[in-house]
Amino acid sequence: MLSHACPGRAVTQAASPPWAEGHSYGLIHNDFHPYNFHIDGKVITVFDFDDSIYGWFSLDIAIAVTHAVWWGAAKDDRQSKNEFATKFLNEFLEGYFKYNHLTYYWIKQIPLFMDYRNICSFFWWLTNWDGDESMFSDFQRSAIAYAVKLIETGQSFDGCEIVLD
């Protein structure tokens with residue numbers, strides 16, 4: 001609740017929670033995927049900020065990697081997706097580190113946040129579900145069944161088994 005006596009202080013405290021160390025937390029896009037940016041030469045224009053939240057920067061990176069795996073992996077098998085994710089993440093971080101910094105701890109959280117994004121997407125598909133499975137496409141039915149299997153067996157999603165040194 002905002003204090004009427006000192007609203008600026010309350011906003012400042014809310015914007016910098018005590019558990020957010022240094023440069024690990026702030027305003028993030030929270031939905032960075034190929035339909036939310038445009039590349040023109042060397043210029044990237046990002047748009048669609050309606051899902052923006054305060055969150056960990058490593059979560060935002062994980063979301064980008066997760067979507068890259070969904071749409072960019074050449075093959076659909078688990079090993080290929082993990083290899084693609086590792087290569088994409090290394091190249092993404094190379095560019096990221098030219099302008100920003102993350103501690104090793106937060107880099108190591110990226111695979112966990114990728115799993116989190118996959119689980120969130122699973123529930124997003126079910127948002128308007130009325131219990132009628134016929135409303136899903138064959139792809140959605142298959143993807144949901146696979147997601148349930150991975151969650152039930154405690155496995156990471158494809159592309160999330162990134163080995164970080």
Side-chain angles (χ1 to χ4, degrees), residues 15 17 19-127 136-137 139-165:
W19 38 265
E21 67 173 47
H23 300 289
S24 65
Y25 189 90
L27 186 62
I28 63 172
H29 187 276
N30 198 41
D31 197 25
F32 192 72
H33 60 71
Y35 294 119
N36 285 341
F37 65 88
H38 175 73
I39 300 174
D40 184 14
K42 293 184 177 185
V43 177
I44 299 175
T45 303
V46 180
F47 43 86
D48 192 13
F49 288 86
D50 61 322
D51 289 325
S52 294
I53 60 170
Y54 277 93
W56 292 277
F57 298 135
S58 53
L59 170 61
D60 222 18
I61 294 167
I63 289 168
V65 178
T66 301
H67 285 283
V69 169
W70 291 351
W71 290 317
K75 295 181 182 174
D76 201 29
D77 65 281
R78 196 170 178 84
Q79 181 179 344
S80 295
K81 288 182 178 183
N82 289 327
E83 289 170 0
F84 176 85
T86 300
K87 182 175 188 217
F88 181 90
L89 178 58
N90 285 331
E91 292 179 13
F92 188 99
L93 288 175
E94 184 180 323
Y96 184 88
F97 289 146
K98 289 180 183 177
Y99 302 96
N100 299 292
H101 175 74
L102 278 179
T103 64
Y104 183 69
Y105 173 83
W106 288 108
I107 294 167
K108 294 284 284 184
Q109 304 313 306
I110 291 171
L112 172 72
F113 284 137
M114 289 173 67
D115 266 335
Y116 170 78
R117 179 56 171 206
N118 279 298
I119 292 169
C120 288
S121 297
F122 170 74
F123 285 104
W124 180 81
W125 278 343
L126 299 176
T127 301
F136 294 124
S137 69
F139 171 78
Q140 287 173 315
R141 261 194 294 292
S142 174
I144 290 169
Y146 186 60
V148 168
K149 177 185 151 200
L150 291 175
I151 293 167
E152 287 177 343
T153 59
Q155 295 181 62
S156 291
F157 283 78
D158 297 357
C160 298
E161 294 173 338
I162 299 171
V163 178
L164 299 170
D165 298 326

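In what follows, every heavy atom counts, from backbone to side chain, and hydrogens, waters and symmetry copies are set aside.
Taking CD1 of Ile61 as the reference point, atom CG of Leu102 lies at 5.0 Å (rounded to 0.5 Å). For the atom pair CG (Leu59) and SG (Cys120), the distance works out to 8.0 Å, reported to the nearest 0.5 Å. Taken to the nearest 0.5 Å, the CZ atom of Phe49 stands 11.5 Å off from the CD1 atom of Ile28.
A donor-acceptor pair is defined here as one N or O able to donate and one able to accept, closer than 3.5 Å; no such pair exists between the side chain of His23 and the backbone of Thr103. Judged purely by atom type and a 3.5 angstrom limit, Asn30 uses its side chain to pair as donor or acceptor with the backbone of Asp51. Not a single donor-acceptor pair under 3.5 Å links the side chain of Asp115 to the backbone N or O of Ser156.
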May I have the list of side-chain donor-acceptor pairs in residues 31-38 shorter than 3.5 Å, sequence neighbours left out?
unit_1, atom_1, unit_2, atom_2, d
Asp31, OD1, Arg117, NH2, 2.7
Asp31, OD2, Asn36, ND2, 3.2
His33, ND1, Tyr35, N, 3.1
His33, NE2, Asn36, ND2, 3.2
Asn36, ND2, Asp31, O, 2.7
Asn36, ND2, Asp48, OD2, 3.4

Below 3.5 Å, can you tabulate the donor-acceptor pairs from side chains in residues 85-96 to any protein atom, sequence neighbours excluded?
unit_1, atom_1, unit_2, atom_2, d
Thr86, OG1, Asn82, O, 2.9
Asn90, ND2, Thr86, O, 3.2

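Scored by the side-chain hydrogen bond (donor to acceptor under 3.5 Å, both in side chains) test, Gln79 finds Glu83 as partners (sequence neighbours excluded). For Asn118, the side chain to side chain contact (heavy atoms under 4.5 Å, CB included) partners are Thr66, Trp70, Phe157, Cys160, not counting sequence neighbours. With sequence neighbours left out, the side-chain hydrogen bond (donor to acceptor under 3.5 Å, both in side chains) criterion links Thr45 to no other residue. Considering only residues two or more places apart in sequence or on other chains, Tyr116 meets the ring pair (Phe, Tyr, Trp, His ring centres under 6.0 Å) condition with none of them. In this structure, Phe97 has no ring pair (Phe, Tyr, Trp, His ring centres under 6.0 Å) partners at least two apart in sequence or on a different chain. Applying the ring pair (Phe, Tyr, Trp, His ring centres under 6.0 Å) rule to Tyr146 yields no partners; only residues at least two apart in sequence or on another chain are considered. For Ser137, the side chain to side chain contact (heavy atoms under 4.5 Å, CB included) test picks out Phe139, Gln140, with sequence neighbours left out. With sequence neighbours excluded, no residue forms a side-chain hydrogen bond (donor to acceptor under 3.5 Å, both in side chains) with Ser142.
With contacts defined as side-chain heavy-atom distances shorter than 4.5 Å, the pair Ile110/Ser58 qualifies. Side-chain atoms of Trp106 and Gln109, non-hydrogen and from C-beta on, do get closer than 4.5 Å to each other.
Using a 30° and 60° split on the angle between ring planes, Trp56 and Tyr25 fall in the perpendicular class, above 60°.
Listed by first and then second residue, the salt bridge (charged side-chain N to carboxylate O under 4.0 Å, His left out) pairs involving residues 71-81 are Asp76-Lys81, Arg78-Asp158, Arg78-Glu161, Lys81-Asp158 (not counting sequence neighbours).
The shortest non-hydrogen separation linking Gly72 to Phe84 is O-CE1, 3.4 Å.
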